[in-house]
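Written below as structure tokens is the structure these notes are about.
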Amino acid sequence: MKAIEVNALSFTYKGGNKKALDRIEFEQEQGEMVVLMGHTGAGKSSFSRCLNRLIPNFHQGNYSGEIRILGKSITGKKVHELVGEIGLVFQDFESQLFSTNVELEVAFGPENLCLSREEIKKRIDEALQLVRLKGFERREPATLSGGEKQRLAIASILAIRPKIVVMDEPTTDLDPQGKLEIFSVARLLRSEGYTILFIEHEAEAVTEADKVVIMDKGRIVAEGKSYEILKDVQLLENHGIRPPQIAKLFEGIDEPTVPLTLEETFTIFEKRGWKISDEKYGALLEKEEDKKVGYGKKIIEVNDLDYVYPGNIKALDSVNMEVREGEFLAIIGQNGSGKTTLVKHFNGLLKPAKGEVRIAGEDTKGKRVSELGKIVGYVFQNPDHQIFADTVEDEVTFGPRNLGIPRDKISRFVEDALKDVGLEGYERYDPFSLTKGERQRVAIASILAARPHILILDEPTTGLDYIEQKSIMDLLQNLNQKGHTIIIITHSLWVVAEYAKRVLVLDKGKIILDDEIRKVFFQEEKLTNSFLRLPEIIRLSNRLGKTLLSVDEFKFCLKR
Amino acid sequence: MLHHLHPVTKIAGLVLLFIWAMVFNHPLYLSIIFLMVLFLSILAKSLSNLKKFSIILVILAFFSTLLWSLFLRGPTQLLKLSFIQISKESLLYGLAMGIRIDAMILSGIIFLSSTRTEDFTRGLNYLGLPFPVSFALSLSFRLVPTFAATSSTIVQAQKSRGLDLESGRLSKRIKKHIPLIIPILIHAIRNTDLLAMALESKGFGFKKEKTHYLNFRFIWKDWLSLAILAGLVVLSFYIRLNGYGVIFHRI
């Protein structure tokens, strides 16, 4: 008996004009772990919601085809009738949790099943054990870290004891540490015999799956052993998925077994006697030195900055730093390390508790956000926290108008900003009808249109797929070349390695490293201690004694 | 100490405290009640919460005294300045009303800080309210801090785009809130939608009935607490009916 069987499943959302799912055929054995990948809008979430009947019961539309769960057809069933068979964990953990303590959160499912109090207690213990949250029973969910919250959301499903657990991008909103926690929970569940369907868009995370399935435009376009799929760089890139760096490194190299882990790769390197060429590495550094533009004058100066949140929580602890005109700076660090708190000082949203912040030579004390906004543009993480207008043009006009830019200039500024972000011709569109990546561009354009010299972006790539991430980062690189000073906060270290020029590492409100990317990323141990895990290609090169930031650099320097 | 009481005791206790505060309208008698409530808040360890509200309590008491003094007329005149008249009775009555409001607010603070949302809804179940209704109520409590946090992010995001909420005439200022209201509403709708899906996926509505992990037993402490409170209320009524603790008889 198969865990999941799907025959000719198609679905079009009510009011939608194209099929979200198009004649899907899918099978999963019991006890298997399958990873479903694909770019944004490929139909992954829609598919997962069909499995527990949220589609078509909750989201209505045109539904056809049949799904059998553990041998039984689910046609006509209600969502709650399937909870014993299949449990669904959502990406957005914040809105799944609603209790005042961990224990009660987990109790909710079993209560609905009318289990006895003793049985509920047993199941809470068991579920918390599985996600390693024992001892957290009395904690308030709001006080947990992102990874802990998502583990709690998983536990609240496990307590119902479904045989199949479906996780819909559970790691997308998490920092690197949180992502690792979720992967380790998934591994543990698999070893406990659960059938797992894991939806994910990062390839590196899923090397352990039994099977990988790729979706694109509502269809399943490829499936196979995870090893086979993950090393097929062309296939992944064609469907908008970032291939594992190591697979990409071996592309075009005639090697019988393409490794997927760092250990395997290192063994091959030793066996074959491959090295990083000193000569080429030297040439690389030299070229970099030549390209180095002299940065302009100091535009941000931070002296002995302390910031304390209510309740005496010290978020920043004697921070000293400066940024020069034309820099591309990345700020990294675990959640809660003070990254956002620091950059909020640059446009005056926060004022120093101690010390000073100077923007273009002037102290921010006594300056309004709207005054600083002319120099410092701040794009918040979630574009939906700022979009409100009926058309893209109105949305983008809002900033410059507020900031008192003369009327005759505004329309030209808006036009230029839309051109810069690649949204020419979208002026009349309703911003809410755009994709997340496009909404992110609208948000950037709306800041850009006021022509601030400095652009700050808080996690500009979070929640975007590979293609969108790359195009946003290319856009920022372009703006940087045009002269803007760019500051990004990010968890995505490959983005830092491939795009930024300088990186600043925060840990518990203190700057622990602040230098050029290559120099900082050579100090791998220090980064690991701050729970920052470097991309594989950098770790591989560090082990070989040099620091190479991208697959291209590695290929250039590889001596074999 | 109060935290462990049965939720029904807490709800009934709150109602009794409200009634108690309504019995008298003399500041001296109400002060005694206020002190008793203050004593309860020490028992409930909710003094830290009280501190946050202390300024509001003082302001309320002050304005109540001032307004009642100005608008009520009593026999013993203290002050007369053209149309402004203050009598001894109206002053005392105003003071009493201030203390009454403060005692009620304080009772509310004790209740909120000693009762979790789940306990409160469970209490309402015991009193006969169907689970879906009480659950919806508790969800709305739960969502307040979430929406507050999101709203604060949205305000900061729009401020960063130069939105200035502090200046301009009222009509203009109201219009300025549109860039805040729309993202907040959209967030709320989306959030509620996701929550509804999550609830369904956890078997909400699986059966008409459900079991409760939280179980309370009504024990001697609960009987005792309610008996003491009820006794005090009855005693107070008796005193009031005998004509004590009153400034104005008709009110």
Side-chain angles (χ1 to χ4, degrees), chain A residues 49 52 54 57-58 78-81 83 87-88 90 92 94-96 98-101 103-104 107-117 120-121 124 142 153 156-157 160 344 347 349 368-370 373 377-378 380 382 384-389 398-404 432 446-447 450, chain B residues 116-120 131 135 138-139 141-143 145-146 149-167 176 178-187 190-215:
Chain A
R49 285 172 193 182
N52 81 337
L54 279 171
N57 287 338
F58 198 89
K78 297 224 168 68
V79 175
H80 59 242
E81 290 174 311
V83 292
L88 183 55
F90 297 86
D92 182 347
E94 298 288 352
S95 48
Q96 289 176 67
F98 45 82
S99 303
T100 55
N101 77 31
E103 190 179 34
L104 291 173
F108 183 77
E111 285 180 335
N112 288 326
L113 303 186
C114 289
L115 300 173
S116 71
R117 202 172 170 273
I120 297 176
K121 177 95 189 82
I124 294 173
S156 74
I157 291 295
I160 306 171
K344 278 185 180 166
N347 79 335
L349 279 172
R368 283 222 288 243
V369 181
S370 48
Y378 189 147
F380 273 62
N382 186 348
D384 297 338
H385 283 161
Q386 64 164 70
I387 290 178
F388 71 97
F398 180 72
R401 208 167 39 204
N402 282 332
L403 295 169
F432 295 106
S446 81
I447 298 296
Chain B
R116 288 182 304 184
T117 330
E118 283 90 353
D119 298 347
F120 177 51
F131 178 73
F135 184 66
S138 79
L139 272 187
F141 279 120
R142 153 67 181 79
L143 292 178
T146 316
T150 311
S151 307
S152 135
T153 309
I154 290 169
V155 169
Q156 289 193 344
Q158 303 299 36
K159 265 172 116 178
S160 300
R161 297 167 80 196
L163 181 66
D164 180 7
L165 291 167
E166 279 111 51
S167 62
K176 279 182 179 171
I178 292 171
L180 303 179
I181 292 163
I182 290 176
I184 292 172
L185 276 181
I186 286 174
H187 170 83
R190 196 185 148 268
N191 206 60
T192 327
D193 218 37
L194 268 170
L195 182 63
M197 284 197 281
L199 291 180
E200 287 234 19
S201 305
K202 290 185 203 179
F204 189 65
F206 185 76
K207 287 185 187 163
K208 271 227 159 65
E209 278 304 301
K210 64 170 249 163
T211 48
H212 292 275
Y213 181 63
L214 276 181
N215 238 337

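Residue numbers start from 1 in every chain, and the chains themselves are labelled A, B, ... in the order their sequence lines are given, proteins ahead of strands.
Of the atoms belonging to Arg368(A), it is side-chain heavy atoms, and not backbone ones, that fall under 4.5 Å from chain B. Phe58(A) touches chain B through its side chain: at least one heavy atom from C-beta onward sits under 4.5 Å away, while N, CA, C and O do not. Only the side chain of Ala107(A) comes within contact range of chain B, with heavy atoms under 4.5 Å apart. With a 4.5 angstrom heavy-atom cutoff, Ile160(A) touches chain B only via side-chain atoms. Neither the backbone nor the side chain of Lys78(A) comes within contact range of chain B, judged by heavy atoms closer than 4.5 Å. In this structure, the portions of Phe388(A) lying under 4.5 Å from any heavy atom of chain B include both its backbone and its side chain. Heavy atoms of Pro110(A) lying under 4.5 Å from chain B belong exclusively to its backbone. Using a 4.5 Å cut-off between heavy atoms, Leu139(B) contacts chain A through its side chain alone, with no backbone atom that close. In this structure, chain A has a heavy atom under 4.5 Å from the side chain of Thr150(B), while its backbone stays farther away. Both the backbone and the side chain of Tyr378(A) have a heavy atom closer than 4.5 Å to some heavy atom of chain B. For Asp164(B), the part lying near chain A is the side chain, with the backbone staying farther off; criterion is any non-hydrogen pair under 4.5 Å. For a residue to count as touching a neighbouring chain, one of its non-hydrogen atoms must lie under 4.5 Å from one of that chain's; by this rule Ala196(B) touches chain A with backbone and side chain alike.
Contacts with chain B were tallied for Arg401(A), Glu81(A), Arg49(A); Arg49(A) has the most, counting heavy-atom pairs under 4.5 Å. Note: Asn402(A) leads Ile447(A), Asn402(A), Leu113(A) in heavy-atom pairs under 4.5 Å with chain B. For the set Leu104(A), Asn57(A), Asp92(A), Val369(A), the entry with the most heavy-atom pairs within less than 4.5 Å of chain B is Leu104(A). Ranked by heavy-atom pairs under 4.5 Å with chain B, the first of Gly404(A), Gly87(A), Gly373(A), Ser99(A) is Ser99(A). For the set Lys210(B), Arg161(B), His187(B), Gln156(B), the entry with the most heavy-atom pairs within less than 4.5 Å of chain A is Arg161(B). By number of non-hydrogen pairs under 4.5 angstrom with chain B, the leading residue of Asn382(A), Leu403(A), Leu349(A), Leu88(A) is Leu349(A). Your options are Ser95(A), Gly399(A), Ser370(A), and the one with the most heavy-atom pairs under 4.5 Å with chain B is Ser95(A). Options His212(B), Gln158(B), Lys207(B), Glu118(B) differ in how many heavy-atom pairs under 4.5 Å they form with chain A, and the most are formed by Glu118(B).
One distance of note links OG1 of Thr146(B) with CZ of Phe98(A); it measures 12.5 Å at 0.5 Å rounding. For the atom pair CZ of Phe380(A) and NE2 of His385(A), the computed distance is 10.0 Å after rounding to the nearest 0.5 Å. Considering CZ of Phe141(B) and OG1 of Thr117(B), their distance stands at 7.5 Å, rounded to 0.5 Å. If you take CG on Asn191(B) and CD on Glu94(A), they are separated by 9.0 Å, rounding to the nearest 0.5 Å. Atom-to-atom distance recorded for Leu214(B):CG and Asp119(B):CG is 6.0 Å, nearest 0.5 angstrom.
Applying the side chain to side chain donor-acceptor pair (under 3.5 Å) criterion to Ser138(B), with sequence neighbours excluded, gives no partner residue.
Between Asp384(A) and Ile186(B) the shortest side-chain heavy-atom distance does not fall below 4.5 Å. Between Leu180(B) and Leu163(B) there is a side-chain heavy-atom pair separated by less than 4.5 Å. Residues Tyr213(B) and Glu103(A) meet the side-chain proximity criterion, which asks for heavy atoms closer than 4.5 Å.
Judged by distance alone, the side chains of Ser160(B) and Asn347(A) do bring a donor and an acceptor atom under 3.5 Å apart.
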Determine all donor-acceptor pairs shorter than 3.5 Å in which one atom belongs to a side chain in residues 197-205 of chain B; sequence neighbours excluded.
| from | atom 1 | to | atom 2 | distance (Å) |
| --- | --- | --- | --- | --- |
| Ser201(B) | OG | Asn52(A) | ND2 | 3.3 |
| Ser201(B) | OG | Met197(B) | O | 2.8 |
| Lys202(B) | NZ | Ser156(A) | OG | 3.0 |

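Side-chain atoms of Thr211(B) never come within 3.5 Å of backbone atoms of Ser116(A) as a donor-acceptor pair (strictly under, hydrogens ignored).
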